[in-house]
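Below: the structure, in structure tokens.
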Amino acid sequence: MAGYDLHTHTTFSDGTTTPAANVELALRAGLEGLAVTDHDTADAWQPARDAAAGTALEIVPGVELSAELSGASIHVLGYWFDPTRPALAAEMRRLRNERVRRGEQIVARFNELGIPISIERVREIAGDAPLGRPHIASAVVELGAAADVDEVFGRWLHDGGPAYVPKYAVDPVTCVQLVVDAGGVAVLAHPGLYGPDDSGLDAGIVEAMASAGLAGIEADHPDHSSERRALYRDLAVGLDLVITGGSDFHGDRKDLALGEVATPRAQVERLRARLRSPRPQAPGGPAGLDRERFSM
Ligand code: AMP
Ligand code: ZN
Ligand code: FE
Ligand code: FE
């Protein structure tokens, strides 16, 4: 399948494959473009570009930023921004630093639960990557307390689980503004996977993000049912936002293939066009959005 996979992780966050390996997988899948969207860092951009040099594959530089609203996590994808812009760079640095403190708290929770993982080992597993729950889950698996990462999330690490500690995150409107002000476009990641039991994101929040310059919605995600995909495609159309898709590839940590979900080139070009005209919204927002349909 052609198109662009606009959501992949590497060893620069909590994926298990290098940027070069993602490039190789993208070429083998016959993709036209590949985004590297590690959590809270742009460190994979250069290695991905180096690996794709001389091939027909376009690298879309990206990030998946940690946002939250009233304690609920929201992910914002950013593309083509300048990672050296001070406001965004400082915020990403803070997000990464706070992940270490939160990692220590989660390790302490596991220790209280009788699972003796150490923060030293977790930091070794993460390497230079922003420390995330999957690294901690790998340490638990290594100890033999669970068969795989999925079991660790299912028993202890899921949102609200016994070892869960929320992480510091930005509010989603600020997050969109930071990306736009750094010269990029912002896309709401997997809107169907938020809230209790993945009930989804309230349309009011998406509208607020749209007013701040949000460019797209990742309606196509492997963990969205076909109903969810249709719902968020409609929301994107209603708010005049670009519909995107990506695999959210994490290497061995998730059971799916890079390129399994992709964005058609025409949509990527619409997204790119928003770089030149970031806020096409009419004041007051588009009319006719059926709020009832999109509320949690
Ligand atoms: P964090 O950013 O540290 O809160 O970790 C979030 C990451 O954990 C996500 O990007 C996923 O890669 C992973 N994750 C979240 N829920 C699960 C789950 N139920 N099973 C496996 N991985 C998960
Ligand atoms: Zn991840
Ligand atoms: Fe995410
Ligand atoms: Fe992701």
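Ligands are counted one by one from 1 in listed order, and the atoms in each one are counted from 1 as well. Along the sequence shown, the residues carry numbers beginning at 1. Computed from a predicted structure; not experimentally measured.
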- [ ] State whether His9 contributes an N/O/S atom found under 2.8 Å from the Zn ion (ligand 2).
- [x]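 Given the 2.8 Å cut-off, His9 does not count as a ligand of the Zn ion (ligand 2).
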
Task: Contact flag Asp14/the Zn ion (ligand 2), N/O/S atoms, threshold under 2.8 Å - done: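 Under 2.8 Å: Asp14 contacts the Zn ion (ligand 2) through an N, O or S atom.
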
TODO: Everything protein-side that's N, O or S and under 2.8 Å from the Fe ion (ligand 4): list it, residue and atom.
DONE: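 Counting only protein N, O or S atoms under 2.8 Å from the Fe ion (ligand 4), the list reads His7 NE2, His9 NE2, Glu64 OE1, Asp248 OD1.
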
Open item on the list: Restricting to non-hydrogen atoms, name the atom on Ile74 and the atom on Tyr194 that form the minimum distance, rounded to 0.1 Å.
Closed with: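 The answer is CA-CE2, 3.6 Å.
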
Open item on the list: On a heavy-atom basis, which atom in Pro61 and which in Arg49 lie closest, and how many Å separate them?
Closed with: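 Reported closest heavy-atom pair: CG-NH2, 3.5 Å.
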
Open item on the list: Please give the atom name: the N, O or S atom of His39 nearest to the Zn ion (ligand 2).
Closed with: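 Answer by atom name: NE2.
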
Quick check: do [X] and [Y] have side-chain heavy atoms less than 4.5 Å from each other?
| X | Y | answer |
| --- | --- | --- |
| Leu65 | His75 | no |
| Tyr4 | Glu32 | yes |
| Arg109 | Gln105 | no |

Residues 22-31 side chain polar contacts: donor-acceptor under 3.5 Å, at least two apart:
residue, atom, partner, partner atom, Å
Asn22, OD1, Thr17, OG1, 2.6
Asn22, ND2, Thr8, OG1, 3.3
Asn22, ND2, His9, O, 3.0

Task: Polar contact flag, side-chain donor to acceptor under 3.5 angstrom, His190-Glu64 - done: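 Distance-only check passes for His190 and Glu64.
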
